[in-house]
2 protein chains.
Amino acid sequence: MEPLQSAFRALADPTRRGILTLLAQSEMTIGEVTEAFPMTRAAVKKHLTILEEGRLIEVEPRGRERVNRLRPGALKPVSDWITQLDAAWDDRLADLKSAIERDLQ
Amino acid sequence: MEPLQSAFRALADPTRRGILTLLAQSEMTIGEVTEAFPMTRAAVKKHLTILEEGRLIEVEPRGRERVNRLRPGALKPVSDWITQLDAAWDDRLADLKSAIERDLQ
DNA sequence: CTTTTGCGATACCTTTTGGTATCATGTAAA
DNA sequence: TTTACATGATACCAAAAGGTATCGCAAAAG
């Protein structure tokens with residue numbers, strides 16, 4: 001999937017945002033993440049897969065465990081998109097403003 | 001729905017992000033928005049409703065038309081959430097760094 | 001070696017999502 | 001007033017999402 005889309009998709013679910021908040025405190029195994037949510041390990045695993053597809057986290061196999069970790073700079077594309085939209089919006093407001101000033105003369 | 005959730009949900013669909021990009025250029029009626037996408041007016045209207053629920057746009061009835069417009073500051077809660085996550089992540093990295101430096105002594 | 005434990009994968013179910021088609025309604029225009 | 005037209009609303013459909021239960025496997029512990 002398109003990178004930006006998979007990132008936005010990953011962020012759309014409250015459980016997944018909760019997982020990201022958790023992982024911001026400390027890297028964790030799937031089992032540890034599961035303890036923080038009222039659902040089965042299989043469900044949490046699915047969320048982690050979607051977060052991985054969105055390149056928001058990375059997973060490091062460690063023996064029979066798998067450690068999940070926030071990816072540095074993972075949210076950059078998302079915040080860039082937002083910034084760009086804001087900028088376009090501001091530009092338009094500025095255009096409106098100058099057009100009005102021109103009309104007033 | 002929770003405001004942050006409805007905003008993230010609204011952003012999760014590529015068509016809706018496309019609509020936001022469109023509206024950043026100019027406010028538009030539903031019919032005008034529809035011309036830009038390969039789907040029916042009813043489908044576009046649903047997307048606009050979800051964008052409105054996410055408080056990302058506002059709608060002003062004008063005669064028999066309805067003008068859709070980007071809401072100023074609409075994306076603030078979203079970018080704030082991202083900023084906060086980034087900050088928590090940076091803090092943790094800083095903690096790790098100082099812990100390592102302490103261990104080396 | 002045997003047992004436990006942490007995980008992956010799959011089948012299955014229900015709800016939500018994204019779309020269409022269709023009809024009703026209010027406003028503008030002739 | 002009659003006719004057009006932009007929109008609202010609803011019923012309906014297929015696919016995706018979010019969840020459970022269950023099986024199998026490999027690594028760690030005994």
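Here is the naming used below: chain letters follow the sequence lines, and residue numbers restart at 1 for every chain.
Residues from residues 46-67 of chain A placing a heavy atom under 4.0 Å of any atom in DNA chain D, listed by number, are K46(A), H47(A), G63(A), R64(A).
Judged purely by atom type and a 3.5 angstrom limit, E32(A) uses its side chain to pair as donor or acceptor with the backbone of T29(A). With hydrogens and angles ignored, the 3.5 Å screen pairs a side-chain donor or acceptor of N68(A) with a backbone N or O of M28(A). Of the possible polar contacts, none joining the S26(B) side chain to the L22(B) backbone as a donor-acceptor pair under 3.5 Å is found.
A straight line from CE of M28(A) to C1' of dG6(C) spans 14 Å, rounded to a whole angstrom. For Q5(B) and dA17(D), the CD to C1' distance is 13 Å, given to the nearest whole Å. Between the NZ atom of K45(B) and the C1' atom of dT25(C) there is a distance of 14 Å, given to the nearest Å. The separation between I19(A) atom CD1 and dG19(D) atom P is 9 Å, rounded to whole Å. Here dG18(C) presents its P atom at 11 Å from CZ of R17(B), a figure rounded to the nearest Å. Remark: C1' of dT10(C) and CZ of R41(A) are 13 Å apart, rounded to the nearest angstrom. Remark: C1' of dA21(D) and CE of M39(A) are 16 Å apart, rounded to the nearest angstrom.
A close approach under 4.0 Å does occur between a side-chain nitrogen or oxygen of T40(A) and OP1 or OP2 of dT20(D). Residue R9(B) places at least one side-chain N or O closer than 4.0 Å to OP1 or OP2 of dT17(C). Between dG18(D) and R16(A), a contact under 4.0 Å exists linking OP1 or OP2 to a side-chain N or O. The shortest distance between the side-chain N/O atoms of T29(A) and the OP1/OP2 oxygens of dG6(C) is not below 4.0 Å.
Nearer the 5' end of DNA chain D, as judged by each residue's closest nucleotide, is the contact made by D13(A), out of D13(A) and A42(A).
Under 4.0 Å is where a charged nitrogen must lie from a carboxylate oxygen, and between E52(A) and K45(A) no such pair does. Contact check on E60(B) versus R66(B) returns no salt bridge, with no Lys/Arg side-chain nitrogen under 4.0 Å from an Asp/Glu carboxylate oxygen. The pair R9(A)-E53(A) counts as a salt bridge, with a side-chain nitrogen and a carboxylate oxygen less than 4.0 angstrom apart.
Distance check: L51(A) CG to L11(A) CG gives 8.0 Å after rounding to the nearest 0.5 Å.
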